[in-house]
Amino acid sequence: RQYRVVMVRHGESEWNLQNLFCGWYDAKLSDIGREEAYASAKMLQEAGLEFDVCHTSLLSRANDTLDVILREIGQPNLPVYKSWRLNERHYGALTGFNKLQTAQKYGAEQVQIWRRSYDIPPPPIEEDHKYYSAIVNNPKFALELSKDQIPRTESLKTTLQRVIPYWEDVIAPQIRQGKRVLIVTHGTSLRGLVKHVQEMSDEVIVKLNLPNAIPFYYDLDENLQAIDPLRFLAD
Ligand SMILES: CC(=O)Oc1ccccc1S(=O)(=O)Nc1cc2c(c(O)c1O)C(=O)c1ccccc1C2=O
């Protein structure tokens, strides 16, 4: 193998617990989520994995998962890169909705269409939405984005279109320099990275659901393409 990259989806958030669309809302890790983060650190330690640099989003559930991991693997001072580009997909007006509310408001058929679609975004979040202000006024996003640059909704396609350039422009050069990279982020942004290095079809990637806080890794060839399909660290 030429290179290895390790990826982890954040631990369960308080909104995952209630099966709410979370997206860009900054939900915290649940108690279970913190336990999961701790367990993922132990899996990384068991596997003897060490890192030179790590990447995460601007959302607390990923940042806090990473903090637990770095502390537990004994690398608390690892350089950390944070970017909006690794944020979870933005679910627009569906933010904060559960399954029932979504079906009640938009109908089961529309849900099925959205669920399977690659480039149909949910309706945008509007100013009168309960969570509009919490998202648009989040000071963490202001580090990189002006208010009108903050998306109001995202399709899977537009999400991948902002994730992949981050891989190409920031992460890939570090891997080519021989840096051991850890990425702790979200389900949909990870799907973007998986699709990019493993050449997955749109149909398959739409169905891929990554478990919370189970690290997985790729061995990459000289073109940073996966030599084998993703492998989870058995716990
Ligand atoms: C497992 C679960 O309860 O998922 C939820 C959670 C909240 C609302 C709806 C559901 S659901 O049961 O209809 N399943 C469900 C529903 C959806 C999605 C999805 O991946 C999914 O699994 C999407 O990706 C998705 C993406 C963009 C707009 C709507 C949906 C959507 O409506």
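Here, residue 1 is the first one in the sequence, and each next residue gets the next number. First listed ligand is number 1; within each ligand, the first listed atom is number 1.
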(message) For Trp167 and His196, take the angle between the two ring planes, folded into 0 to 90°, and tell me which bin it lands in: parallel under 30, tilted 30 to 60, perpendicular over 60.
(response) perpendicular
(message) With heavy-atom distances below 4.0 Å as the criterion, list the atoms of ligand 1 near Pro122.
(response) 27 (C), 28 (C)
(request) Of the side chain and backbone of Asn98, name the one, both, or neither that has a heavy atom under 4.0 Å from an atom of ligand 1. (result) backbone
(message) What I want to know is whether Trp114 and ligand 1 share at least one N or O pair that is separated by under 3.5 angstrom.
(response) no
(request) Test salt bridge (charged side-chain N to carboxylate O under 4.0 Å, His left out) on Arg61 and Asp64 and set out the steps. (result) CA-CA 5 Å; Arg61 55 196 188 270; Asp64 296 348; over 6 Å; no
(message) How far is atom 9 (C) of ligand 1 from the closest protein heavy atom, and which atom is that?
(response) Lys99 CA, 3.4 Å
(request) For atom 21 (C) of ligand 1, grab the closest protein heavy atom and report residue, atom and distance to one decimal in Å. (result) Arg115 NE, 3.5 Å
(message) Check this for me: does any side-chain nitrogen of one of Glu144 and Lys82 sit under 4.0 Å from a carboxylate oxygen of the other?
(response) no
(request) Using a strict 4.0 Å threshold on nitrogen-to-oxygen distance, state whether Asp219 and Arg231 make a salt bridge. (result) yes
(message) Show the atoms of ligand 1 that are less than 4.0 angstrom away from any heavy atom in Thr102.
(response) 8 (C)
(request) Measure the OG1-CZ distance between Thr153 and Arg89 for me, rounded to the nearest 0.5 Å. (result) 7.0 Å
(request) Please confirm whether Phe21 and Phe97 have ring centers closer than 6.0 angstrom. (result) no
(request) Heavy-atom contacts with Leu94 under 4.0 Å: which atoms of ligand 1 show up? List them by number with element. (result) 28 (C), 29 (C)
(message) For ligand 1, which is the ligand I care about here, please tell me if Asn19 has any N or O atom under 3.5 Å from one of the ligand's N or O atoms.
(response) yes
(request) Starting from atom 27 (C) of ligand 1, locate the nearest protein heavy atom and write down its residue, its atom name and how far away it is, to 0.1 Å. (result) Arg89 NH2, 3.4 Å
(request) Could you find the nearest protein heavy atom to atom 31 (C) of ligand 1 and give me its residue, atom name and distance? (result) Phe21 CZ, 3.4 Å
(request) For atom 13 (O) of ligand 1, find the nearest protein heavy atom and state the residue, atom name and distance (0.1 Å precision). (result) Val111 CG1, 3.5 Å
(message) Ring centroids only, cut at 6.0 angstrom: are Trp114 and Tyr91 within range, meaning strictly under it?
(response) no
(message) Consider side chain to side chain contact (heavy atoms under 4.5 Å, CB included). Of Val204, Leu208, Asp202, which one does Lys195 pass it with?
(response) Asp202
